[in-house]
Q: 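Sharing a structure with you now.
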Amino acid sequence: MSGITLRDVTKVYPGGTHAVKNFNLEIADREFVILVGPSGCGKTTTLRMIAGLEEITSGEIYIGDTLVNKIPPKNRDIAMVFQSYALYPHMTVFQNISYGLRLRKMPKGEIDERVRSAADTLEIRALLDRYPKALSGGERQRVALGRAIVREPAAFLFDEPLSNLDAKLRASMRGELRKLHERLGATFVYVTHDQTEAMTMSDRVIVMRDGLIQQVAPPRELYGKPKNIFAAGFIGSPQMNFLDGVIERSGGGFCINIDGDMLTTDAAIPEKYIGKTVKVGVRPEDIYANADFVAAHPDVVLCAEVDSAELMGNETYLYLRHGGSGGVRLIARVSPDTEPEGEISVAVDTHKIRLFDAETEEAIS
């Protein structure tokens, strides 16, 4: 197995479109990293450059200690799993999985051993004699994975492999892929636009935007300490709320003036932000509508108007508006028995808010 290194990798398409800009990343051996971001952010282009399916404009890509810029895809010792299963309909599962090995003219005994070992790992040994048309979507995806596993590559590259599955099957396959990574002890590089996949499966998440890396961090750190407004807003469902607030002194500490509502905070705020407007980021689960909680925390209260509420089963999404009809819309995740109407007061957990520079959009540390 091998790690993967990208150094100042850039991709410029004819016409001047910069798909990827100065991409630098060290992926450790046996690490599971996920590239996530909106459509057009450059994540799939990055994966294809690692695979050799896309030529890089500048920079260096290493698989292990080998510079692979000029090495064709078939010689890079990687396996790629695509969004489409690309199974041969006239071949059995066994034949589909073994196809690449047969092209290499590997001995039949070794082919049989590798295929059955991969089938056991994926729990599809009973399907080896079936044809793709007799398989479910999840089973077809396992066959595609099996075709990659039998090659025993240095690294696995995944390009949105679960996007064709329904929601229930995607949830199941997320767990299966994580288990597969642990069993194989291999390097996984995975591309998705689905933040749930990124947060639940990866060792580290790489958030991309417009060809640039916005943040590289483990899921928990990414969620709790986003480096900028984009990373903060992209990760989380519902997404983080953002309000404009002016930093003011309050006794020996600070408070944030949000359209007349004052939130006290014990955060250490740099002097240069005193009297200036900053962006205040608040996760929906850190806004409380419980009347007793609000009454007990009068120094962190916002006044808002209820627009609507959505019961989600074990929780309710409360849609609020702060600052009147033309104000800022907020979303709070509250208990399912919460049914407020009209104007209400909500409390904010100021220990968990994130402050961002209004101009640079970078987090204020």
Q: Between Arg151 and Leu101, is there a donor-acceptor pair closer than 3.5 Å when you use the side chain of the first and the backbone of the second?
A: no

Q: Tyr190: what forms a side-chain hydrogen bond (donor to acceptor under 3.5 Å, both in side chains) with it, not counting sequence neighbours?
A: Glu197

Q: List in chain and number order the residues that pass side-chain contact (heavy atoms from CB on, under 4.5 Å) with Arg178, two or more places apart in sequence or in another chain; answer none if no residue qualifies.
A: Phe32, His181, Glu182, Asp203

Q: Strictly distance-based, threshold 3.5 Å: is any side-chain N or O of Arg283 a donor or acceptor partner for the main-chain N or O of Tyr223?
A: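 Yes; at least one donor-acceptor contact below 3.5 Å.
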
Q: Can you see whether His322 engages Asp261 through a side-chain donor-acceptor pair at a distance of less than 3.5 angstrom?
A: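 Side-chain D/A pair, His322 to Asp261: present.
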
Q: Are the side chain of Thr187 and the backbone of Ser2 linked by a donor-acceptor contact shorter than 3.5 Å?
A: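 Side chain of Thr187 to backbone of Ser2, a donor-acceptor pair under 3.5 Å: yes, one is there.
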
Q: Check whether any side-chain N or O of Arg48 sits under 3.5 Å from a backbone N or O of Glu54 as a donor-acceptor pair, and report yes or no.
A: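 Absent.
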
Q: Hey, quick one: are Phe156 and Leu145 part of the same hydrophobic cluster, counting side-chain heavy atoms closer than 4.5 Å, chains of contacts allowed?
A: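 Yes; tracing contacts between hydrophobic side chains, which count when under 4.5 Å, links both residues.
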
Q: Under the side chain to side chain donor-acceptor pair (under 3.5 Å) rule, what pairs show up with a residue in residues 326-343, not counting sequence neighbours?
A: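 Counting only pairs at least two positions apart or across chains, the side chain to side chain donor-acceptor pair (under 3.5 Å) contacts touching residues 326-343 are Glu315-Arg333, Ser335-Asp337, Ser335-Thr338.
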
Q: Under the side-chain contact (heavy atoms from CB on, under 4.5 Å) rule, collect the residues that match up with Met262, sequence neighbours excluded.
A: Glu248, Cys255, Asn257

Q: So does Tyr88 have more than 12 non-hydrogen atoms from other groups sitting under 6.0 Å from OH?
A: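 Count not over threshold, so no.
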
Q: Can you get from Met91 to Leu103 by hopping between Ile, Leu, Val, Met, Phe, Trp and Tyr side chains that sit under 4.5 Å apart?
A: yes

Q: Grouping I, L, V, M, F, W and Y whenever their side-chain heavy atoms are under 4.5 Å apart, do Val33 and Val81 come out in a common cluster?
A: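 In one cluster with Val33: Val81, no.
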
Q: Kindly indicate whether the side chain of Arg174, heavy atoms from C-beta on, has any atom under 4.5 Å from the side chain of Thr196.
A: yes

Q: Is there a side-chain contact between Lys11 and Thr57 in this structure, where contact means two heavy atoms from C-beta onward sitting under 4.5 Å apart?
A: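 Yes. Closest side-chain heavy atoms under 4.5 Å.
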
Q: Are Ile331 and Val300 connected, step by step, through hydrophobic side chains (Ile, Leu, Val, Met, Phe, Trp, Tyr) whose heavy atoms are closer than 4.5 Å?
A: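 No: no chain of side-chain contacts under 4.5 Å links Ile331 to Val300.
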
Q: Is the number of heavy atoms from other residues, nucleotides or ligands within 6.0 Å of CZ (Arg220) greater than 12?
A: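 Not buried by this count: 12 neighbours or fewer within 6.0 Å.
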
Q: Hey, is the main chain of Val93 close enough, under 3.5 Å, to the side chain of Arg130 for a donor-acceptor pair?
A: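 A pair under 3.5 Å: no.
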
Q: Applying ring pair (Phe, Tyr, Trp, His ring centres under 6.0 Å), name anything that partners Phe234, two or more places apart in sequence or on another chain.
A: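 Phe234 satisfies ring pair (Phe, Tyr, Trp, His ring centres under 6.0 Å) with Phe230 only.
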
Q: Return each pair, listed once, that meets ring pair (Phe, Tyr, Trp, His ring centres under 6.0 Å) where at least one residue sits in residues 105-153; pairs must be two or more places apart or across chains.
A: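 Those involving residues 105-153 do not exist here.
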
Q: Name every donor-acceptor pair, under 3.5 Å, that has one atom in a side chain of residues 270-278 and the other anywhere in the protein, sequence neighbours excluded.
A:
{"residue": "Glu271", "atom": "OE1", "partner": "Arg249", "partner atom": "NH2", "Å": "2.6"}
{"residue": "Glu271", "atom": "OE2", "partner": "Arg249", "partner atom": "NH2", "Å": "2.6"}
{"residue": "Tyr273", "atom": "OH", "partner": "Asp357", "partner atom": "OD2", "Å": "2.8"}

Q: Give a yes or no on whether the backbone of Thr121 and the side-chain of Arg183 come within a donor-acceptor separation of less than 3.5 Å.
A: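 Looks like yes, one N/O pair under 3.5 Å.
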
Q: Can you give me the closest heavy-atom contact between Asn22 and Thr10, atom names plus distance?
A: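 Answer, listing the atom of Asn22 first, then Thr10: N-OG1, 3.1 Å.
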
Q: Between Ile247 and Leu355, is there a side-chain heavy-atom distance shorter than 4.5 Å?
A: yes

Q: If you group Ile, Leu, Val, Met, Phe, Trp and Tyr by side-chain heavy-atom gaps below 4.5 Å, do Val143 and Leu184 land in one group?
A: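 Linked within one cluster.
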
Q: Go through the structure and list residues passing side-chain contact (heavy atoms from CB on, under 4.5 Å) with Asp129, not counting sequence neighbours.
A: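 Partners of Asp129 under the side-chain contact (heavy atoms from CB on, under 4.5 Å) test: none.
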
Q: Can you check whether Gly327's main-chain N or O pairs, donor with acceptor, with Arg321's side chain at less than 3.5 Å?
A: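 At least one qualifying donor-acceptor pair exists.
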
Q: Quick check: closest heavy atoms across Thr316 and Pro336, and the distance to 0.1 Å?
A: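 The pair with the smallest heavy-atom distance is OG1-CA, 3.4 Å.
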
Q: Pair up each side-chain donor or acceptor in residues 62-74 with any protein partner under 3.5 Å, not counting sequence neighbours, and list the distances.
A:
{"residue": "Tyr62", "atom": "OH", "partner": "Glu60", "partner atom": "OE1", "Å": "3.4"}
{"residue": "Asn69", "atom": "OD1", "partner": "Ile61", "partner atom": "N", "Å": "3.0"}
{"residue": "Asn69", "atom": "ND2", "partner": "Gly59", "partner atom": "O", "Å": "2.8"}

Q: Are any side-chain N or O atoms of Asn228 and backbone N or O atoms of Glu361, one a donor and one an acceptor, separated by less than 3.5 Å?
A: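 Side chain of Asn228 to backbone of Glu361, a donor-acceptor pair under 3.5 Å: no, none is there.
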
Q: Who pairs with Glu176 by side-chain hydrogen bond (donor to acceptor under 3.5 Å, both in side chains), at least two apart in sequence or on another chain?
A: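 Scan of Glu176 (side-chain hydrogen bond (donor to acceptor under 3.5 Å, both in side chains), adjacent residues dropped) gives none.
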
Q: Does some side-chain heavy atom of Met199 sit less than 4.5 Å from a side-chain heavy atom of Leu222?
A: yes

Q: Using only atom types and a distance under 3.5 Å, with no angle test, would you say the side chain of Arg76 pairs donor to acceptor with the backbone of Ile50?
A: yes

Q: Do any pairs count as a salt bridge (charged side-chain N to carboxylate O under 4.0 Å, His left out) and have a residue in residues 227-244, sequence neighbours left out, and if so which ones?
A: Asp244-Lys279

Q: Please tell me if the side chains of Pro284 and Asn241 come closer than 4.5 Å, counting only heavy atoms from C-beta onward.
A: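 Yes. Closest side-chain heavy atoms under 4.5 Å.
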
Q: What pairs meet the side chain to side chain donor-acceptor pair (under 3.5 Å) rule with one or both residues in residues 286-302, with sequence neighbours excluded?
A: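 Residue pairs passing side chain to side chain donor-acceptor pair (under 3.5 Å), neighbours aside: Thr264-Asp299.
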
Q: Quick check: does any side chain N or O of Arg125 sit under 3.5 Å from a backbone N or O of Ala119, one acting as donor and the other as acceptor?
A: no

